[in-house]
Amino acid sequence: MEVQDKDELKQLQDRLAVSAKLVWDRVDAAERAAIFAYGDHYKTFLDRAKTEREAVTEIERQAKALGFVDLAQKQSGPRAFYSYKHKAIVLVVQGRRPLTEGLRLVAAHIDSPRLDLKQYPLYEDTDLAFLKTHYYGGIKKYQWLARPLALHGVVMKADGSSVTLTIGEDPADPVFTVLDLLPHLARKAQMDKKVTDAFEGEKLNLLVGSLPLGDSETKERFKLHLLKLLADRYGIDEEDLVSAELEAVPAGPARDLGWDRSLVGGYGQDDRACAYAALAASLDVQDPEHTCLALFYDKEEIGSDGNTSAKNCLLDEVVETLLERQGESPQARRRVLMASKALSADVTGGIDPDYPEVHEKRNAAKLGYGVGFHKYGGSGGKYSTSDANAEYVAWIRRIFQEHGVIWQAGELGKVDEGGGGTIAKFLAVHGLEIIDCGTPLLSMHSPFEVASKADLYMTFKAYRAFFQAG
Ligand code: MN
Ligand code: MN
């Protein structure tokens with residue numbers, strides 16, 4: 001058939017070619033209001049959950065408030081949670097079908113890049129008191145200098161008691177900072193060097209005080225003043241800091257970003273954008289066909305090693321516990337997982353218009369165009385990734401279409417530009433279907449990451465649709 005008519009060409013275009021869908025163009029007034037309301041709840045979550053421990057506490061609190069019972073304590077109910085070492089947690093919503101027909105898993109991580117304190121952190125130099133840090137995860141070190149930082153975490157004492165600290169979030173609190181060099185004297189020490197060499201990890205020391213104790217005869221009196229303050233206020237001594245996990249994170253709350261308030265700016269959106277969406281979807285899903293699990297893991301940002309990471313046995317334990325509940329053999333676990341479908345809930349990089357050269361624009365996520373999925377990640381020829389099966393990608397497309405989820409597909413950057421991994425490959429070892437699916441971010445891994453409220457909401461909608469789907 002010869003095509004000539006202009007209208008006919010337009011129709012062909014609409015029918016055959018992909019066209020990106022801007023969320024704001026597609027939603028009605030009610031959904032637009034839902035997007036902004038969701039953004040407010042999300043910001044509150046970011047503020048309450050700046051560390052993995054705080055995220056577990058907040059997820060557990062919200063789940064309990066809606067009737068989730070403690071699976072680890074052998075409580076039974078259709079909605080349950082399983083908290084592990086205060087750093088990982090699983091939410092379970094029981095489905096109608098038997099477990100052996102497969103689960104629906106949404107797996108996110110709740111750790112974010114930051115500065116951890118060393119075991120012997122406190123010292124003084126030039127009559128100033130500091131804490132030594134060791135950075136956690138992939139950071140651009142210069143972004144952590146000359147900005148207010150808060151300390152969050154726990155100090156575990158040898159007698160088994162503990163002290164939980166949060167300093168720097170209340171406007172009345174003091175904050176801490178890592179110093180930066182004045183530009184006047186930075187030419188040789190910083191400016192003439194490569195960025196990777198100009199900022200040294202060992203120099204990421206936190207300024208914490210400048211008051212002495214005693215007189216000039218007193219040894220290390222600036223450090224001593226801080227030790228006395230810690231003892232008086234928290235009952236801890238220097239050795240207690242050896243068994244502490246204290247994290248320096250950007251101080252202050254998440255904010256609406258932009259005159260039109262369409263964006264959220266704040267710390268830790270990788271991966272709390274997806275973690276919160278997974279939480280909200282778990283709380284919202286009603287009477288699903290398949291049993292739904294939301295998994296919140298720690299240690300993703302350092303390669304998922306360690307017993308609270310996605311490489312641990314938590315999923316196995318939860319599935320075996322659920323099987324026992326249904327009077328089935330825990331040995332059916334492998335069959336359950338092989339029949340399961342999963343979303344690796346993690347953020348992706350949006351196109352930064354100032355750096356278009358790192359993206360391949362036909363296959364990159366754009367802010368405002370919905371939840372993004374990656375068929376594969378990794379680097380250097382799809383190394384170290386789980387490349388999702390085409391059959392599964394097609395199924396995801398169908399589910400999203402049926403539930404009005406606005407989505408986009410892409411990859412993290414240009415081929416050989418760099419790359420990154422997610423927990424998808426660690427869950428894929430169970431034989432389940434899995435694909436990366438999450439919110440596009442700008443300024444990822446920085447102290448102030450940026451997301452579109454439209455994409456955040458579509459991420460929630462995507463996870464809920466996935467849970468609800470048959
Ligand atoms: Mn992530
Ligand atoms: Mn990350």
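By convention here, the first residue in the shown sequence is residue 1. Note that ligands are numbered from 1 as they come in the structure, with each ligand's atoms numbered from 1 the same way.
A pairwise comparison of heavy atoms in Y392 and A342 identifies OH-O, 2.7 Å as the closest pair.
When each of F296, Y457, Y463, Y38 is paired with Y276, the ring-ring contact (aromatic ring centres under 6.0 Å, His included) condition holds for Y38 and for no other.
With ring centers used as reference points, F36 lies under 6.0 Å from W24. The distance between the ring centers of Y142 and F199 falls below 6.0 angstrom.
Taking 4.0 Å as the cut-off between side-chain N and carboxylate O, R114 and D116 count as a salt-bridged pair.
Not counting sequence neighbours, D180 has no partner by the salt bridge (charged side-chain N to carboxylate O under 4.0 Å, His left out) test.
Around the Mn ion (ligand 1), protein atoms of type N, O or S found under 2.8 Å number 4.
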